[in-house]
Amino acid sequence: MPELPEVETVVRQLRQGDGERGASVIGQTIARVTLRWPGHVARPSPREFARRVSGQTITGLSRRGKYLIFHLTHGFLLIHLKMSGDLVVMGDHAPRDKHAHTVFHFRAGGQLRFTDTRKFGRVYWVEHAQEVVGALGPEPLEPGFTARRLGEMLKARHRALKPLLLDQTFIAGLGNIYTDEALNRARLHPLRRSDTLGPQEVRALWRGIRQALQSGLRHNGASIDWVYRGGDFQNHFRVYDRADHPCVNCGTPIRRTVVGQRGTYYCPQCQKPATSLAKKVKESEL
DNA sequence: AGCGTCACCCGGACGC
DNA sequence: TGCGTCCGGGTGACGC
């Protein structure tokens, strides 16, 4: 599931263009679009989408949260990879891929393929990118995201940390993997209430979030399931998908529970619940 | 209003 | 082999 580091990795590769993933998309003019599965188009209508995007030149590429933002001559093309999406530039005669549901054909030859096994991904064409990403929370790796600011944000809410961190309007870019990794680094229990953290704990969470994301970026993201993006962060998980494996810090077996309908991994020794939570947590584990 | 919970969309993996 | 179940990002419905 592409989260901030995976999406950023894709953005960098599409921007630079390398041997493995083809030429840069910057400067390419989209001659036409093939919509093999129109359900990919979130807005406007599939027909209108194809019309709006065709003939436009990609002048820039950026990221906001988990969205890729292609800057066009007029308006913006936004793509969300959701769980299984991937974007690759290929030659026109590259082998067919049954999961390449949306394909952007370049005037100069070559194509940008949006492959998406699960079909959860979405594409948008809008006049202003804000129409789609306007409600997102702050970018956790940008300078404006300080520990102080995080502290104020946490104080203003009264929720368990895990679902709050997954809320894209709270912070943009964290998904299930990096949330669990961040909480582990911060030594905070996933069910801990956001407004009960002391200053040291806020700072630990701030550092945990940033270190987990930066570590992911350094490894070019994680390649899990059948989606290979060149990254190897999956070999450096501390808790995610490591149920019953020893905690890298204390050796205690990592535990898997469900929080907010999401598989949640944590170390029961390093990430102890606050005393007021302990009873509730114990009950849910029996 | 804010929060928790659940269903939904998909198809591959996995257990029986 | 073939069935049922699980999984998840984001959204929207619903109830408290």
Side-chain angles (χ1 to χ4, degrees), chain A residues 1-8 10 35-43 46 63-69 78-87 97-102 114-124 126 129-137 140 152-183 189-196 213 216 221-229 233-234 237 239-244 256-265 276-277 280-281 283-284:
Chain A
M1 54 228 71
E3 305 178 24
L4 190 156
E6 288 76 26
V7 177
E8 180 65 26
V10 172
L35 299 173
R36 296 208 181 92
W37 187 73
H40 250 170
V41 183
R43 55 200 259 199
R63 179 193 58 74
R64 181 77 171 90
K66 303 175 192 173
Y67 289 88
L68 291 103
I69 304 178
L78 281 80
I79 299 182
H80 198 302
L81 302 173
K82 288 286 180 82
M83 282 192 64
S84 61
D86 197 11
L87 288 166
D97 180 340
K98 66 172 177 171
H99 296 301
H101 305 302
T102 300
F114 182 11
T115 63
D116 184 15
T117 315
R118 291 275 198 277
K119 297 180 175 174
F120 278 23
R122 290 293 180 265
V123 299
Y124 309 71
V126 286
Q130 285 298 97
E131 294 170 45
V132 177
V133 298
L136 294 179
E152 289 164 358
M153 289 163 57
L154 291 166
K155 249 319 184 253
R157 306 295 291 268
H158 315 276
R159 290 187 81 182
L161 288 175
K162 166 103 182 188
L164 186 57
L165 294 178
L166 284 174
D167 182 346
Q168 301 300 298
T169 66
F170 185 72
I171 294 175
L174 292 173
N176 213 32
I177 294 174
Y178 292 92
T179 296
D180 282 1
E181 293 294 310
L183 287 172
H189 195 277
L191 285 177
R192 184 69 183 279
R193 301 288 131 169
S194 59
D195 53 344
T196 66
L213 292 172
S223 304
I224 58 171
D225 296 341
W226 54 92
V227 183
Y228 174 73
R229 291 187 179 75
F233 186 59
Q234 68 277 12
F237 291 160
V239 287
Y240 184 80
D241 206 22
R242 293 194 65 242
D244 302 328
R256 180 187 189 279
T257 61
V258 176
V259 176
Q261 305 134 273
R262 292 284 177 260
T264 298
Y265 301 86
S276 58
L277 258 180
K280 212 169 156 186
V281 169
E283 281 167 4
S284 72

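Proteins get letters first, then strands, A, B, ... in listed order; numbering begins at 1 in each. These numbers come from a predicted model, not from an experiment.
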Quick one: [X] [atom1] to [N] [atom2], roughly how many Å, whole number?
X	N	atom1	atom2	answer
A/Leu164	C/dG10	CG	C1'	16 Å
A/Leu165	B/dG4	CG	C1'	16 Å
A/Phe170	B/dG4	CZ	C1'	17 Å
A/Asp167	C/dG12	CG	C1'	14 Å
A/Asp180	C/dC7	CG	P	14 Å
A/Asn176	C/dC6	CG	C1'	14 Å
A/Asp241	C/dC6	CG	C1'	14 Å
A/Asp195	B/dC3	CG	C1'	12 Å

Could you please name the option among [options] that lies closest to any side-chain atom of [X]?
X	options	value
A/Met83	C/dG8, B/dC3, B/dG11	C/dG8
A/His80	C/dG9, C/dT11, B/dC3	C/dG9
A/Lys119	C/dC7, B/dC10, C/dG10	B/dC10
A/Gln261	C/dG8, B/dG11, B/dT5	B/dT5

Please work out if [X] contacts a base, only the sugar-phosphate, or nothing of the nucleic acid, heavy-atom cut-off 4.0 Å.
X	answer
A/His99	sugar-phosphate
A/Gly263	sugar-phosphate
A/Arg262	base

Does [X] put a side-chain nitrogen or oxygen below 4.0 Å from OP1 or OP2 of [N]?
X	N	answer
A/Lys82	C/dG8	no
A/Arg157	B/dC3	yes
A/Arg118	C/dG8	no
A/Lys66	C/dG10	yes

With stacking defined as ring centroids separated by under 5.5 Å and planes differing by under 30°, is A/Phe120 stacked against B/dC9?
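Whether judged by distance or by angle, A/Phe120 passes, so it stacks on the base of B/dC9.
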Could you tell me if the ring centre of A/Phe233 sits under 6.0 Å from that of A/Tyr240?
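No, the ring centres sit 6.0 Å or more apart.
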Please walk me through it: do A/Glu3 and A/Glu6 pass side-chain contact (heavy atoms from CB on, under 4.5 Å)?
CA-CA 5 Å; A/Glu3 305 178 24; A/Glu6 288 76 26; 3.5 Å; yes
Under the side-chain contact (heavy atoms from CB on, under 4.5 Å) criterion, do A/Leu154 and A/Leu164 qualify, and how do the steps go?
CA-CA 9 Å; A/Leu154 291 166; A/Leu164 186 57; 4.1 Å; yes
When you compare the side chain of A/Ile171 with that of A/Met153, does any pair of heavy atoms fall below 4.5 Å?
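A side-chain contact under 4.5 Å exists here.
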Identified side-chain contact (heavy atoms from CB on, under 4.5 Å) counterpart of A/Leu183 within the set A/Thr264, A/Val239, A/Leu161:
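Among A/Thr264, A/Val239, A/Leu161, the one meeting side-chain contact (heavy atoms from CB on, under 4.5 Å) with A/Leu183 is A/Leu161.
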